[in-house]
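Everything quoted here is computed from the prediction, not taken from an experiment.
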Amino acid sequence: MRYSKQRELIFNTVLQNKIHPTADFVYNKLKLDHPELSLGTVYRNLNFLAEHNMLLKISVPNGSDRFDGSAFPHHHLICKKCGRVFDIDVPELNGLYERAENNNGFIIDRCSLAFEGVCINCSDEIIKNNDTSNT
């Protein structure tokens, strides 16, 4: 892989922002100090980094893709209302990759498991809105 200063900036921005940033977030974060950077360059480099297993690309239903710099196997919760992505640790799923490989004779190089629902902030908002509409 050829070295690129812009790719390094983009990669480091994802690593430093544990919020599973979108391409727009990365672009806006870098644009002030790097006015030559284009949104297209950010998209191309994020996808390149994901294709080369340096970042994890998380598809969000009805939202923008998110990017995760965490290399260790883990799972996600995706809020269908606000689009935020959260890391979760479910000990019962530890070893899932190995069991899937061993039981099926398959070599897995990537797995993505995401649970979709509504985060606590959005569910509180829904409850508050329902309470005020019922009064």
Side-chain angles (χ1 to χ4, degrees):
M1 174 182 343
R2 212 175 61 176
Y3 175 79
S4 160
K5 179 67 175 169
Q6 289 179 327
R7 186 174 299 134
E8 181 182 7
L9 286 168
I10 292 164
F11 179 66
N12 286 332
T13 300
V14 173
L15 292 181
Q16 293 164 3
N17 291 279
K18 307 288 185 200
I19 60 167
H20 305 88
T22 63
D24 286 337
F25 177 92
V26 172
Y27 172 74
N28 289 323
K29 192 87 167 155
L30 293 173
K31 185 65 177 164
L32 189 60
D33 292 332
H34 305 279
E36 75 287 354
L37 188 68
S38 73
L39 182 57
T41 297
V42 171
Y43 272 102
R44 278 191 301 280
N45 279 285
L46 286 171
N47 285 312
F48 177 89
L49 291 164
E51 288 166 9
H52 287 83
N53 298 321
M54 296 177 70
L55 295 177
L56 177 63
K57 182 177 182 177
I58 304 165
S59 296
V60 176
N62 302 318
S64 299
D65 290 337
R66 301 291 188 126
F67 294 88
D68 190 344
S70 178
F72 73 93
H74 65 287
H75 310 291
H76 296 98
L77 296 169
I78 300 173
C79 180
K80 294 190 301 185
K81 186 158 173 38
C82 68
R84 289 178 55 202
V85 177
F86 304 87
D87 289 333
I88 59 168
D89 179 30
V90 180
E92 292 80 10
L93 295 176
N94 293 344
L96 178 64
Y97 309 121
E98 294 81 8
R99 289 193 304 270
E101 284 183 332
N102 294 338
N103 293 344
N104 298 292
F106 198 84
I107 299 171
I108 298 172
D109 39 279
R110 176 175 288 199
C111 174
S112 176
L113 179 60
F115 299 91
E116 297 177 22
V118 181
C119 72
I120 187 96
N121 292 336
C122 291
S123 64
D124 285 347
E125 184 179 313
I126 291 168
I127 292 168
K128 286 178 192 172
N129 288 340
N130 285 340
D131 287 347
T132 58
S133 65
N134 291 331
T135 56

Other cluster members, I108 - Ile/Leu/Val/Met/Phe/Trp/Tyr, side-chain contacts below 4.5 Å: F106

For L77, the rest of its hydrophobic cluster, which grows through side-chain links under 4.5 angstrom: F86, I88, V90, L93, L96, L113, F115

Flag if over 12 foreign heavy atoms under 6.0 Å of CG, N62: no

Student check: side-chain heavy atoms of S70 and L56 closer than 4.5 Å: no

Pairwise side-chain contact, D68 with L55, heavy-atom cut-off 4.5 Å (strictly under): no

Donor-acceptor contact present, side-chain R7 to main-chain L46, <3.5 Å: no

Any salt bridge (Lys or Arg N to Asp or Glu O under 4.0 Å) involving [range]? Give me the pairs, sequence neighbours left out, ordered by first then second residue.
range          : answer
residues 37-57 : K57-D65
residues 88-99 : none
residues 14-36 : none

Sequence-distant partners of F48, ring-ring contact (aromatic ring centres under 6.0 Å, His included), two or more places apart: H52

By side chain to side chain donor-acceptor pair (under 3.5 Å) - contacts of S38 (at least two apart): T41

Those residues that, when tested against N102, pass side chain to side chain donor-acceptor pair (under 3.5 Å) (two or more places apart): none

Side chain to side chain contact (heavy atoms under 4.5 Å, CB included) partners for P35, two or more places apart: none

With I19 via side chain to side chain contact (heavy atoms under 4.5 Å, CB included) - residues at least two apart: N17, P21, F25

Criterion side chain to side chain contact (heavy atoms under 4.5 Å, CB included) on I10 and L30, from CA distance to verdict: CA-CA 8 Å; I10 292 164; L30 293 173; 3.9 Å; yes

Selection residues 77-88 - residue pairs positive for side chain to side chain donor-acceptor pair (under 3.5 Å), sequence neighbours left out: H20-D87, H74-D87, H76-D87

